[in-house]
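Here's the structure, in structure tokens; my notes come after.
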Amino acid sequence: MVSDERGGTVFDGIAVFIQNPDILKSHFLDFPGSQYRSGSAPSLGFWFGQPGLYCYFVGNALSLFGSVVAGRNIETQ
């Protein structure tokens with residue numbers, strides 16, 4: 001990440017989902033800015049026909065998951 005970015009939190013992810021609920025059709029969202037336990041981070045996914053918030057070990061890098069990044073200042077790009 002660059003200096004004006006941070007790991008997205010659960011709150012960032014919920015806002016993304018409200019804005020675009022179809023985002024969960026293709027992948028899950030990891031929230032590296034929120035920590036559940038040592039080595040675990042929350043993730044928002046679509047299971048059994050409905051969205052759900054879960055917790056996963058951060059060492060599992062699967063192509064279905066993507067980390068949310070927040071805070072980019074678009075005026076500096």
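We use all heavy atoms of the structure for the numbers below, so side chains are in, but hydrogens, waters and symmetry mates are not.
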(message) Ignoring hydrogens, what is the shortest heavy-atom contact between Ala41 and Phe31? Give both atom names and the distance.
(response) CB-O, 3.9 Å
(request) Please collect all salt bridge (Lys or Arg N to Asp or Glu O under 4.0 Å) contacts where either partner lies in residues 13-22, sequence neighbours excluded, each pair once. (result) Asp22-Lys25
(message) Show every side-chain hydrogen bond (donor to acceptor under 3.5 Å, both in side chains) that has at least one partner inside residues 12-21, sequence neighbours left out.
(response) Arg6-Asp12, Thr9-Asp12
(request) Specify the closest pair of heavy atoms between Gly7 and Pro32, including all atoms of both residues, with the distance to one decimal. (result) CA-CG, 3.8 Å
(request) Look at atom CZ of Phe11 and say whether more than 12 heavy atoms of other residues, nucleotides or ligands are closer to it than 6.0 Å. (result) no
(message) Ignoring hydrogens, what is the shortest heavy-atom contact between Phe28 and Ser43? Give both atom names and the distance.
(response) CB-OG, 3.9 Å
(request) Please name the residue in the list Ile23, Leu24, Asp30 that meets the side chain to side chain contact (heavy atoms under 4.5 Å, CB included) test with His27. (result) Ile23
(request) Considering non-hydrogen atoms only, spot the tightest contact between Pro42 and Val10 and give its length. (result) CG-CG2, 3.5 Å
